Amino acid sequence: MEIVQHKFFHQKTLDLAKSLIGKLLVKETDEGTCAGWIVETEAYIGPGDRAAHSFGNRRTARTEVMFGPPGYVYTYVMHTHCLVNVVSGREGDPEAVLIRAVEPCEGVDLMFERRGKGKKRKELTSGPGKLTKAMGIVKEDYGRSLSEPPLYIAEGREPGEVVSGPRIGIGNSGEARDYPWRFFEKNNEFVSR
DNA sequence: TTGACGATGACCT
DNA sequence: GGTCATCGTCAAA
């Protein structure tokens with residue numbers, strides 16, 4: 001598995017969100033290694049994005065990592081689930097890319113064990129909360145570098161056609177709700193919704 | 001301290 | 001399509 005060059009993270013957040021499609025998200029644990037091709041992402045650009053946790057440069061213990069340099073992990077706990085983001089933007093710019101869905105590549109048996117044997121393959125990683133559970137990504141991964149094990153981004157495959165659209169689940173966020181900042185691989189069955 | 005509130009998913013009808 | 005589980009984070013008291 002070839003880890004991406006660190007400079008890969010040094011591009012505009014919207015470009016990074018699109019570039020991540022087709023890359024591999026890899027997590028190594030004591031139980032084994034899981035990897036999946038990224039098929040769906042969303043960009044969150046703090047300063048002017050009402051839907052982002054870092055809207056208006058709001059800086060708290062939780063959003064702190066987004067103010068640092070790109071290429072680090074921002075995990076967020078939602079109800080009983082955990083969501084994973086890639087920190088983007090220059091140091092001082094609180095931007096991030098949410099990974100919403102991946103297609104299983106390696107460690108599929110382990111994913112079934114974590115998600116439940118009875119599940120369909122398609123149900124394994126077709127959502128932001130599902131993929132973290134399938135791959136064993138936890139809130140303790142907050143702040144890790146994505147350029148080294150146990151959690152990293154690796155070169156993957158050439159994606160099919162990548163299209164964009166409005167983001168999901170951000171309800172009452174003013175104009176930001178309609179920004180086409182969600183990117184996904186067209187006709188891929190692992191894309192959520 | 002406390003209370004309100006989700007970038008969701010699973011299960012119900 | 002609707003409900004609810006259930007918990008960290010944040011801001012106010």
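As the structure is a computational prediction, the values presented were derived from the model and not from experiment.
- Salt-bridge check for A/E103 with A/R157: passed, with a basic side-chain N closer than 4.0 Å to an acidic carboxylate O.
- Cluster annotation: A/V87 is not connected to A/V97 through the hydrophobic network of ILVMFWY side chains, with a link wherever side-chain heavy atoms come within less than 4.5 Å.
- With ring centers used as reference points, A/Y44 lies 6.0 Å or more from A/H53.
- Taking a pair to require two hydrogen-bonding distances under 3.5 Å in either a Watson-Crick or a G-U wobble arrangement, C/dT6 remains unpaired.
- Considering only side-chain N and O atoms, A/R58 lies under 4.0 angstrom from the phosphate OP1 or OP2 of C/dA11.
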query: Where along nucleotides 3-12 of chain B does protein come under 4.0 Å, by heavy atom, of base (B) or sugar-phosphate alone (S), with - for untouched nucleotides?
result: ---BBBSS--
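- Note on A/R177: nothing from the nucleic acid sits closer than 4.0 angstrom, heavy atoms only.
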- request: Please step through salt bridge (Lys or Arg N to Asp or Glu O under 4.0 Å) for the pair A/D178 and A/R167, ending with a clear verdict.
  value: CA-CA 7 Å; A/D178 301 320; A/R167 291 173 294 178; over 6 Å; no
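- Note: CG (A/D141) to P (C/dG8) measures 16 Å, nearest angstrom.
- Checking the phosphate oxygens (OP1, OP2) of C/dG8, no side-chain nitrogen or oxygen of A/R62 falls inside 4.0 Å.
- Pair assignment for B/dT1 gives C/dA12, based on Watson-Crick or G-U wobble hydrogen-bonding distances that are each under 3.5 Å.
- Under the 4.5 Å side-chain heavy-atom criterion for ILVMFWY residues, no single connected hydrophobic cluster contains both A/Y142 and A/V138.
- Tested against A/V102 for a side chain to side chain contact (heavy atoms under 4.5 Å, CB included), the candidates A/T125, A/V39, A/T132 yield a single pass: A/T125.
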